[in-house]
Structure formats: structure tokens, C-alpha cells
Amino acid sequence: MSESTRTARPLDGLAAMLLRRPGLFTAAAILLHGALWWLVQIAFSPNLPLDMIEQLAWGREWQLVYYKHPPLSAWTLEALVRLFGNRQEILFLSGPAFVALTMWAVWRLGRRVADPRAAALAALALTGTIYYGFTSPEFNHNVAQYPFFALLPLALHRAMQGDRIADWALVGLWTALGLYAKYSAALPVVAAGLFLIAHPRGRAALRRPGPYVAAAIALLVLVPHLYALWQIDFLPFRFPVERAGAAREGLDHLTNPARFLLAQLLAVLGTLVLVGLTMGRGNAPMASEGTPPESIAEKRFNRAFVLALGLGPFALALAIDAVTGLRFRSMWGAAFFPLLALAVFVVRPPVPTPARGRRFIAMWLLLLGAGLAAFAGKAVLDPWLKGTGSRIHFPGPAVAAAMAESWRTLAPDRPLRIVAGSEWVAGNIAFYGPAQGPQRPSVFIDASRVKSPWI
């Protein structure tokens, strides 16, 4: 038996499972994706990365807003610490779990607008986007907003189809929680609003109570956060502008969006490759002769909906970049593409034949393995290439132990309650010190009361 035959046999079985039981295949693939990204962090990250240390410094205080960002990611990590203690292997689950939730929401929306096999392919194609793999282990505000770019369209589609108040309530809830994750989650909300205004079915929905129930629930959930923002003079809105830098010349209004667009195309290249492997002769048209008019209308609605909600937020970001001329960082596009493959499939449905299924699965496994290998390779090689390693090589536990010993010498009868310094060093001392959960020290960030109002 040849080597190629032995390799093809397991792929034949997987391709058959994808075609015959796409729901089971999708669930297994999502679990595999999440488990491997969790395990690779445990194996190759001896220390928490910068953004997670920062979130823990913030989350310890349960604030409604922080000086750079809204609170959802910080609350998520703090909740895990309160439940399981200062165990970084548990915290490493946060990124893979949020990515898995995103993939599940894409699958569920795909089941509503396409056939089950296309839905499976659309969800699994996320593995080809770098944001859902290589960069996802550093759980931060970008990762925290991922699910809401898929959950909001899922709830909105259900609401527009069934006009149930419970679905409209979910639209409002996902809107608010997305904004609690990161303010760029406003873009799918704007895209949804424009779709409701532009599409006849959306305008019909606006004549019923549902959208206003959604808006009321979103506002109700956001009121405490908005009040907290007002109290600190909307400080987090200055952070992205300062970090991006203003336009220096008129040409920046063209070159900066072009750079941002190119960076995103490179980031989603693997997804586009996976989508391309499902294409070929025999792709079904959107509607064929003899199709009932109701079915044609539904397909047209689904196509318009997925294109608006799937590509609209990124189009809005490019428009904002062009108008302002700011130099958007490439990671700011991280949440924009969960519906990319689905947007292609509602225009050009895939034809998942056994041969194409094998090629898709082989490429999916290759991309998944390449991402894991790149993460592990960077962790192993960074100390050799940089001389000092990266943040995950920082000796946080040793530094925290040394500080705890020094404090016991200086004040043997008093617990260490506050550590002043940079978020990185002071945050490591607070998290890796002997105190657990809410008993660990507060971090006095840069000894600044603006950054640390809890002191």
C-alpha cells in the first residue's frame, strides 16, 4: 500500500463525516481547535502575556470602565481567578473559548442562511485567519469582542425572521456586551442599523416593537458604563487616537486605509484559500428555474443580510480610516471577519464533493498545525533571537516570590496590599504572589490615580 493511499484513507473518513454529519464534524473540529490552542499555551508559555497581566490588574477592582478600555475582558479573567484561584492554565482557556464561541455562532447563522455543509465549511474556515489562531492566546479586548461580531447577526437574523421579542432582546444584549468588550463592536451595530433602514424587510421590522425593545435593553445594560465614562471624561476614547497618531499629510487618507486593507487581506489569506478549495465547476447558482418565488426571495434576503453584516463593519472601518487619516494598527481589524467565508458562500455556494472535502480538511489541518507550530517555535526561539526572550519568558513567579520575601522582612505583621509600578512588573508581582484571588495586592499603575482610581 502506498504512502498516499494510507494518508487518503483517514481523510476519506473525515470527508465522509463532513458531508454526511456536518454538525458533528463541526463540533469535533471546534473542540479540537480549542483544545490544541489551550494545550500549546500550557506547554510553551511559562508566564502570562502582557495583556492578560494587564487585565488581571484591572479586573481585581471590578471597575465599570478602565482608562484605556471597557471592562468585559478584565471581568472575564477575574471571574476565572475567583472561581479557580491564580492558575494560569485555567486562564489560558479564555482565548480558545471565545474563539470557539465565535465559530459556533457562525455555524448557527450558517445553518439559517445556507445548507449544513456550507455552514460547517464557513465556521471551520475561521481557522485560516490569523486572528482566530496565532494571536488569540493573548486574551484581551480584541479577542473578547470576537463572538459578538457573529452573535449579533445570528440574533438579528432570528429576530427579523420570527419577530419574537426574545430574539430582539438578545440583539440588545449582544449589542451592549459587545460594547463592554471593545468600542469597535459599535461597527456591526451601525451596519445592522443601516441594513434595517435600507432593506424593505428591515423597514417593515422598524414599524414593529422589536427593534425598540432591543435598543431599550442595550441602553439599559450600558447606562452604568456610560455614567462611568462620563465620570472620567471619556478617557478611553483618547487612547486609540493617541496610539494611532493623527494624519500628517493629505496622502495619509489614502495610504493608511490601503495599508490597513493589505494587512487584513494577509491576515485572512488562509481563510480565502480554504474557501477556494470548496469552489469549482458545478457551484450551484443562487436560484434556479422552477424555484418557488418565496425561496428565491429568502435567498436574496439572506445574501443581502450576510453581505451587510459580514462585510459592512470592515467597510465602515475603512471609511473611518479614510476620513480621519489615522494609521490603524493591523490588530484593530481582528474581529471583523467571522462571516467572511459565509459571505462568499451566500453568493457562490460551495460544492463539497468528497475530493474537495479531503482537500479542505487537509488544508485545515495544515493551517491549524502551522499556527500551533509558529506559536511554539516563537516561544522556543525568542530567547535565542532576542537574547532576553519575550513577555512569556519573564520570571514572574520568581520576581513575585522575591518581593514577597522582601516584604515579610520589612513588615512581617502586615499583608502586602498595594504594589506600585508598571502594569507589567507590578501586575506580575500581584498575580504570582502568595495571595489568591481578591486577597492579592491591588496594582497602583504607574503610581497614577488617573489610571488607578481604586487606590
Side-chain angles (χ1 to χ4, degrees), residues 10-45 52 76-77 79-80 83-84 87-112 114-139 143-151 154 270-271 274-275 277-278 334-335 337-342 352 357-376:
L11 289 180
D12 285 340
L14 292 172
M17 182 179 175
L18 170 62
L19 297 179
R20 296 171 187 169
R21 304 191 66 184
L24 180 61
F25 186 89
T26 302
I30 290 174
L31 287 174
L32 177 66
H33 182 283
L36 290 178
W37 276 109
W38 177 47
L39 293 173
V40 78
Q41 293 176 79
I42 293 174
F44 293 98
S45 294
M52 293 179 75
T76 300
L77 292 183
L80 291 174
L83 289 171
F84 301 104
R87 298 175 59 187
Q88 70 178 33
E89 68 273 15
I90 297 296
L91 299 180
F92 284 147
L93 269 173
S94 51
F98 271 62
V99 171
L101 178 57
T102 307
M103 296 172 81
W104 174 85
V106 173
W107 154 255
R108 292 302 304 164
L109 179 60
R111 289 286 287 107
R112 299 184 63 82
D115 68 70
R117 292 176 294 179
L121 295 170
L124 300 184
L126 268 65
T127 296
T129 296
I130 192 172
Y131 302 128
Y132 304 108
F134 184 77
T135 64
S136 64
E138 187 156 5
F139 184 72
V143 181
Q145 69 177 328
Y146 289 174
F148 302 104
F149 277 68
L151 288 170
L154 173 60
T271 291
L274 287 170
V275 168
L277 291 175
T278 70
F337 303 105
L339 305 186
L340 176 61
L342 198 57
R358 286 196 302 271
R359 290 196 291 268
F360 180 93
I361 293 168
M363 181 57 69
W364 186 83
L365 291 170
L366 177 63
L367 290 171
L368 176 59
L372 294 165
F375 183 89

Where Val143 and Ser136 come nearest, the two heavy atoms and their spacing:
CG2-O, 3.9 Å
Would you give the length of the straight line joining atom CG of Leu126 to atom CG of Leu274, rounded to the nearest 0.5 angstrom?
10.0 Å
Keeping to residues at least two apart or across chains, list the side-chain hydrogen bond (donor to acceptor under 3.5 Å, both in side chains) pairs with something in residues 359-369.
Thr127-Trp364
How long is the span from the CG atom in Leu91 to the CD atom in Gln41, to the nearest 0.5 Å?
10.0 Å
Quick one: pull up CG in Leu342 and CZ in Arg112 and give me the separation to the nearest 0.5 Å.
12.5 Å
Going by heavy atoms in the side chains, are Trp37 and Pro137 under 4.5 Å from each other?
yes
Backbone N or O of Ser45 within a donor-acceptor pair of the Gln88 side chain at under 3.5 Å?
yes
Can you measure from CG (Leu121) to CD1 (Ile361) and round to the nearest 0.5 angstrom?
9.0 Å
Is any side-chain heavy atom of Leu77 closer than 4.5 Å to a side-chain heavy atom of Phe139?
yes
Does the Thr129 side chain pair with the main chain of Thr271, one donor and one acceptor, at a distance under 3.5 Å?
no
Check: Thr278 and Pro352 side chains under 4.5 Å, non-hydrogen atoms:
no
Val275 to Ala341 - nearest heavy-atom pair and separation:
CG2-CB, 3.6 Å
Looking at side-chain heavy atoms only, is the closest gap between His33 and Leu124 below 4.5 Å?
no
Restricting to side chain to side chain contact (heavy atoms under 4.5 Å, CB included), what partner residues turn up for Leu36, sequence neighbours left out?
Leu32, Leu368, Leu372
Can you name the nearest heavy-atom pair linking Thr26 to Ala123, along with the distance?
CG2-CB, 4.3 Å
Show me the pairs that pass salt bridge (Lys or Arg N to Asp or Glu O under 4.0 Å) and involve residues 25-35, at least two apart or across chains.
none
Heavy-atom distance under 4.5 Å between the side chains of Pro116 and Arg111, does that happen here?
yes
Side chain proximity check, Phe360 to Leu11, heavy atoms < 4.5 angstrom:
no
Mind checking whether Leu18 and Arg117 have side chains closer than 4.5 Å, heavy atoms only?
no
With side chains defined as the heavy atoms from C-beta onward, is the minimum distance between Phe98 and Leu101 less than 4.5 Å?
no
Are Tyr132 and Tyr146 near enough that their ring centres are under 6.0 Å apart?
yes
Evaluate the criterion side-chain contact (heavy atoms from CB on, under 4.5 Å) for residue pair Phe149 and Thr102; output intermediate values, then yes/no.
CA-CA 8 Å; Phe149 277 68; Thr102 307; over 6 Å; no
Taking all non-hydrogen atoms of both residues, which atom of Ala376 and which atom of Val40 are closest, and how far apart?
CB-CG2, 4.3 Å
Between the main-chain N or O of Glu89 and the side-chain N or O of Trp38, is there a donor-acceptor pair closer than 3.5 Å?
yes
List the atom of Gly110, the atom of Ala119, and the distance in Å for their closest heavy-atom pair.
C-CB, 3.4 Å
What are the two closest heavy atoms between Ser94 and Leu80, and how far apart are they?
CB-CD1, 4.3 Å
